[in-house]
Protein chains: 2
Amino acid sequence: MSDLLERLRDRGWRLTAQRRVVAEVLDGDHVHYTADEVHARAAARLPEIARATVYNTLSELVSIGEVIEVSTDGRAKRYDPNARHSHQHLVCSKCGTIRDVHPSGDPLAGLPESERFGFTISDATVTYRGTCPQCAAG
Amino acid sequence: MSDLLERLRDRGWRLTAQRRVVAEVLDGDHVHYTADEVHARAAARLPEIARATVYNTLSELVSIGEVIEVSTDGRAKRYDPNARHSHQHLVCSKCGTIRDVHPSGDPLAGLPESERFGFTISDATVTYRGTCPQCAAG
DNA sequence: TTCTTGACTTAGACAATGTCCAATGTAGGA
DNA sequence: TCCTACATTGGACATTGTCTAAGTCAAGAA
Ligand SMILES: [Mn+2]
Ligand SMILES: [Mn+2]
Ligand SMILES: [Zn+2]
Ligand SMILES: [Zn+2]
């Protein structure tokens, strides 16, 4: 993710060791870690990193649009580095696995004007729930 | 909500004063209170009701399908007595107001087989976000 | 009506997640 | 190399939710 580090430098961010390891943890497809999971993985590389620093960095990444927050249940928020391509989520009800999915069509299209209550709607998030192949097999 | 109390009695529930006031609080349209909001409103009628009792009663109502849990943000879960008619939610990004909405079409239809990763999908929840008329005017 | 009993409620400790702050450290420019 | 504004740290605190031991009571039995 030197791409990400490059963009952060362009924004005037100081490139500290802590921000580097958080950026490294948030790399890959279908990555949706909780803040504590990010902290644990970051601490494996930089043991003294503080929880508050991870929370700070994640909030900053979210506020500049490099990472999105995902709330699939009522538990901890998850942090998703796949912010460039709009997508939705498919969640296994049993094991909690989360996959990125790309539905066809405009999700706002299904909501008739009579059901908008005068709101100006900006977006729709869809969460699909089901059972993953592993859980179905077990 | 004597309908609800009747159904609870049929299930063998003991009809305590605490369960009655929780059922009374959970009455109406577009009702989506947090557990603490339910507790505050219940305590206005029955001051000694405990937080744990409200949590217990809400969990039981959810488990028997009389109430739905709604997580629109990463904060507290909300409890929705409109469990008989399937619906989705429209949330104001500024003030948090939540309205029930009824989109047309099957929300699962938009997800192609190639995007299902072998999951057996059981349902989809959609959260529309925007600005409500009051917040737009203010 | 009164009694009995197992289900229900209570208060508070504890857990999980997240926010905030004062003290300390340091990245990057001068 | 030195400065200093920005970043990090550790821990206190807040919010939301869970759990348990002890006390209470709804509803059927007698
Ligand atoms: Mn994702
Ligand atoms: Mn609703
Ligand atoms: Zn699974
Ligand atoms: Zn509003």
Side-chain angles (χ1 to χ4, degrees), chain A residues 2 5-25 32-43 45-64 66-80 96, chain B residues 2 5-25 32-43 45-64 66-80 96:
Chain A
S2 60
L5 291 177
E6 200 59 44
R7 292 196 297 277
L8 297 182
R9 192 199 315 275
D10 290 347
R11 285 175 172 274
W13 277 36
R14 284 192 189 174
L15 295 190
T16 65
Q18 290 82 355
R19 286 170 168 174
R20 285 177 203 277
V21 295
V22 169
E24 285 170 9
V25 169
H32 306 96
Y33 295 138
T34 65
D36 268 1
E37 286 169 352
V38 172
H39 178 242
R41 284 174 165 75
R45 288 166 164 269
L46 187 68
E48 67 275 22
I49 191 171
R51 243 167 35 97
T53 299
V54 172
Y55 275 100
N56 287 343
T57 304
L58 291 173
S59 295
E60 291 159 349
L61 289 169
V62 168
S63 73
I64 65 177
E66 290 285 353
V67 165
I68 51 183
E69 279 179 345
V70 179
S71 301
T72 55
D73 55 6
R75 310 295 306 279
K77 288 177 192 162
R78 292 179 174 275
Y79 292 88
D80 183 343
Chain B
S2 59
L5 291 177
E6 199 60 43
R7 291 197 297 277
L8 297 181
R9 193 200 314 274
D10 289 348
R11 286 175 173 274
W13 277 37
R14 279 166 52 168
L15 294 190
T16 65
Q18 290 83 356
R19 286 172 169 174
R20 283 177 205 277
V21 296
V22 169
E24 284 169 10
V25 168
H32 306 97
Y33 295 138
T34 65
D36 268 1
E37 287 169 351
V38 172
H39 178 241
R41 285 173 165 76
R45 289 165 163 269
L46 187 67
E48 67 274 25
I49 189 172
R51 245 170 31 100
T53 299
V54 172
Y55 275 101
N56 286 343
T57 304
L58 290 172
S59 295
E60 290 161 349
L61 289 169
V62 168
S63 73
I64 65 177
E66 290 285 353
V67 166
I68 296 171
E69 279 179 345
V70 179
S71 301
T72 55
D73 55 6
R75 310 293 307 279
K77 288 177 192 164
R78 292 179 174 274
Y79 292 88
D80 184 343

- Query: For the pair made of NE2 in A/His39 and C1' in C/dG18, what is the distance, rounded to whole Å?
  - Reply: 14 Å
- Quantify the bending of the helix from C/dT1-D/dA30 to C/dA30-D/dT1 as the angle between its end axes, each fitted on five pairs, to 10°. 20°
- Item | Gap separating the CZ atom of A/Arg20 from the CZ atom of A/Arg45, nearest 0.5 angstrom | 12.0 Å
- For B/Thr53, does its backbone N or O pair with a side-chain atom of B/His39 as donor and acceptor, under 3.5 Å? no
- Query: If only side-chain N and O atoms of A/Gln18 are considered, is one of them under 4.0 Å from the OP1 or OP2 phosphate oxygen of C/dG25?
  - Reply: no
- Query: Can you check whether B/Arg19 has a side-chain N or O nearer than 4.0 Å to OP1 or OP2 of C/dC8?
  - Reply: yes
- Message: Can you tell me which residue among A/Glu24, A/Glu66, A/Glu60 is in a salt bridge (Lys or Arg N to Asp or Glu O under 4.0 Å) with A/Arg19?
- Response: A/Glu60
- Message: Measuring only between side-chain heavy atoms, which start at C-beta, is A/Leu58 closer than 4.5 Å to A/Tyr33?
- Response: no
- Message: Mind checking if A/Arg75 touches a base, just sugar-phosphate, or nothing, with heavy atoms under 4.0 Å?
- Response: sugar-phosphate
- Note on the structure: By nearest-nucleotide position on DNA chain C, the 5'-leaning member of B/Thr57 and A/Arg78 is B/Thr57
- Message: Please report the distance, rounded to the nearest Å, between CG in A/Leu58 and C1' in C/dT19.
- Response: 14 Å
- Item | Boundaries of the chain B footprint along DNA chain D (any atom under 4.0 Å from a heavy atom) | D/dT15 to D/dA27
- Message: Nearest to the A/Ala76 side chain among C/dG18, C/dT9, C/dT10, which nucleotide is it?
- Response: C/dG18
- Note on the structure: To the nearest angstrom, the CD-P distance between A/Glu48 and C/dT26 comes to 9 Å
- Query: Where is the tightest heavy-atom contact between B/Ala23 and B/Leu5, given as atom of each residue plus distance?
  - Reply: CB-CD2, 4.0 Å
- Message: For a 4.5 angstrom cut-off between non-hydrogen side-chain atoms, does B/Tyr79 reach B/Glu69?
- Response: yes
- Query: Just wondering, do B/Val38 and B/Thr57 contact through their side chains at under 4.5 Å, heavy atoms?
  - Reply: no
- Nearest whole angstrom, please: distance from the P of C/dT19 to the CG of A/Asp36. 12 Å
- Could you check A/Ala52 against B/Ala35 and say which one's nearest nucleotide on DNA chain D is further toward the 5' end? A/Ala52
- Query: Within the pair A/Tyr55 and C/dG18, is there a side-chain N or O less than 4.0 Å away from OP1 or OP2?
  - Reply: yes
- Check whether any side-chain heavy atom of A/Gln18 sits under 4.5 Å from a side-chain heavy atom of A/Val22, and report yes or no. no
- Message: Minimum heavy-atom separation for A/Tyr55 and A/Asp36, please, with both atom names.
- Response: OH-OD1, 4.2 Å
- Query: From A/Asp80 CG over to A/Thr72 OG1, what is the distance, rounded to the nearest 0.5 angstrom?
  - Reply: 11.0 Å
- Query: Quick one: A/Arg51 CZ to C/dA16 P, roughly how many Å, whole number?
  - Reply: 12 Å
- Counting just side-chain N and O atoms, does B/Thr53 come under 4.0 Å of either OP1 or OP2 of C/dT10? yes
- Taken to the nearest whole Å, CG/A/Leu15 to C1'/C/dT26 is 13 Å
- Nearest-Å distance for atom pair CZ/P, residues B/Arg9 and C/dA7: 19 Å
